[in-house]
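Quick notes on the structure that follows.
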Amino acid sequence: MFGVCVLCPLLALAAVTSGSVEEENPEFWRSQAQNTLHSALARKINTNVAKNTILFLGDGMGVTTITAARILKGQLQNRSGEETVMNMDTFPYVGLAKVYSVDFQIPDSAATATAYLCGVKANLNTLGVSAAVRNGVCRSQKGNEVTSILKWAKDAGKSVGIVTTTRVQHATPAASYAHSASRTWYSDADLPSSAVTEGCVDIASQMLKNTDIDVIIGGGRKYMTPKGFPDPEYPEDLSAQGQRNDNRSLIDEWLSMKEGKVARYVWNKRDFDAVDPEKTDYLMALFEPGDLRFDVERDPSMDPSISETTEKAVQILKKNPNGFFLLVEGGRIDQGHHDSRASMALHEAVALDEAVARGLELTNEEETLTVVTADHSHAFTFNGYPFRGNSILGKSPIFASDFLPYTTLMYGNGPGHKIVNNKRPDLRGVDTADKDYVQQSAVPLDTETHGGEDVALLARGPMAHLFQGVYEQNYIAHAMAYAACVGANQQHCAVTAVPEGIPKTSTDPGSSAPDTPLCAMTTVILSVLMSVLLH
Ligand SMILES: [Zn+2]
């Protein structure tokens with residue numbers, strides 16, 4: 001009964017505060033739905049070859065994160081929030097990817113990146129290798145390497161790039177160019193001696209050796225320079241110093257490998273802004289010793305935003321007449337969640353959505369496949385009965401059965417678990433929208449974990465319809481490769497002569513099927529003959 005007494009005045013208040021007046025008119029919803037229907041009916045399947053592919057990967061950006069980030073984005077623009085349309089929301093095709101790894105029900109970013117980039121599911125903490133490779137066991141690695149769509153695209157004559165907000169040696173970008181039994185072998189100093197003896201090589205040095213990557217943008221300077229080498233931005237900070245035991249400077253080596261081409265290395269915003277994409281063949285930009293700062297804590301005079309880095313990458317890569325493949329990772333959504341700082345995670349997701357807009361502005365839907373997805377979700381919930389327009393980082397208006405308020409966003413596990421005198425912390429008077437606020441969790445853990453439910457994939461452009469439905473995450477690499485005519489499956493890409501003598505790229509999945517009764521009959525006769533001959 002207590003609950004009802006509390007609810008009644010609140011529900012009356014809700015009637016006053018919810019929605020806008022126009023939403024009370026049923027015509028508002030009818031015309032809105034009719035608009036959606038018209039655009040669904042007008043949708044045409046695009047069977048062009050994807051000259052360009054941009055894969056936007058929100059690390060840890062589960063569906064709950066997308067919804068909450070959408071509301072935050074609207075509320076940052078002083079709207080109620082729920083009705084906001086993010087850039088990624090405008091994509092016409094949506095599917096769900098199953099994210100488990102070969103050995104774990106709930107995966108990590110290395111195994112999942114191997115799935116959606118290399119097309120093969122792997123074991124936890126391993127990248128660019130098949131599931132025959134055991135986590136951290138170098139001797140299981142040899143011969144079990146698998147290549148990624150970044151390499152397939154390069155081999156097909158396209159330009160390729162990686163943009164991330166983490167260190168460029170981190171799991172997601174690393175799976176595009178490296179093969180490692182452990183995702184933590186960033187520099188040679190991170191390899192156990194047994195792995196060195198057995199011939200394994202660190203991720204940073206593989207970045208120079210495996211695929212010729214045109215654009216590399218993110219953080220991770222310290223894995224590229226000799227031990228003790230002072231960081232240019234934080235010369236006094238010992239933890240920012242170079243880490244390498246082999247005394248190599250991979251930055252200098254990379255520059256010298258590009259002799260005869262215009263290659264630029266930059267580590268700050270001023271030099272980055274001075275890079276003219278029209279006159280630059282190769283760009284390596286490393287803005288921090290390790291991961292970049294969270295976007296809301298970024299110094300815009302020192303480090304560019306993910307929209308700015310995406311823009312520069314596309315401008316450099318799109319000069320190639322054969323097109324490009326670009327991986328853009330919003331890598332710190334995941335790290336915000338691990339800290340249970342929902343504000344950080346959501347602002348990172350909003351920043352990624354802005355980068356999506358920049359990608360769409362700079363490319364053409366007719367020739368560019370754009371995909372937005374996540375590697376895995378988090379133990380992150382969106383709960384209670386908050387009023388329409390309630391701050392997404394706020395609290396439920398109705399108290400829990402322990403007579404205390406709770407936040408709309410919270411975690412199943414994580415550092416926010418606290419019980420004092422048998423009670424949760426009292427949030428009355430606490431600013432739960434503060435960027436450093438740590439949301440409560442049911443179970444105590446130093447770092448919150450990933451979640452295992454399917455992740456959404458949104459697609460737009462050539463062959464985007466291939467991404468509908470529910471599928472294994474490793475299918476994504478195969479579908480992107482099919483769309484771009486790179487990798488192993490390219491029969492549909494052969495240029496065939498049509499009767500008029502006009503060369504036509506056969507990309508219509510139905511075009512190889514017999515389209516007349518005569519053709520069908522010929523096919524039957526041929527297949528009977530073949531079966532006779534083969535037996
Ligand atoms: Zn994570």
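For the numbers below, each heavy atom of this structure counts, side chains included, while hydrogens, waters and symmetry mates do not. Every number for a ligand or one of its atoms is a count from 1 in the order of the listing.
- Between H450 atom NE2 and D334 atom OD2, the angle centred on the Zn ion (ligand 1) amounts to 150° (nearest 10°).
- For the Zn ion (ligand 1), the N/O/S atoms of H376 include none lying under 2.8 Å.
- Applying the salt bridge (charged side-chain N to carboxylate O under 4.0 Å, His left out) definition to pairs two or more places apart or across chains, those involving residues 87-97 are R70-D89.
- Ionic pairing of D454 and K98 is not present here: no N-O contact between side-chain nitrogen and carboxylate oxygen is shorter than 4.0 angstrom.
- For the residue pair S377/E453, the side-chain donor-acceptor check at 3.5 Å is satisfied.
- Remark: aromatic rings of H337 and Y411 are close, center separation under 6.0 Å.
- Among the atoms of H337, no N, O or S atom falls under 2.8 Å of the Zn ion (ligand 1).
- Pairs engaging residues 212-235 under the ring-ring contact (aromatic ring centres under 6.0 Å, His included) rule: Y186-Y223 [sequence neighbours left out].
- Coordination check, D108 versus the Zn ion (ligand 1): failed, since every N/O/S atom of the residue sits at 2.8 Å or beyond.
- The N, O or S atom of H338 with the smallest distance to the Zn ion (ligand 1) is NE2.
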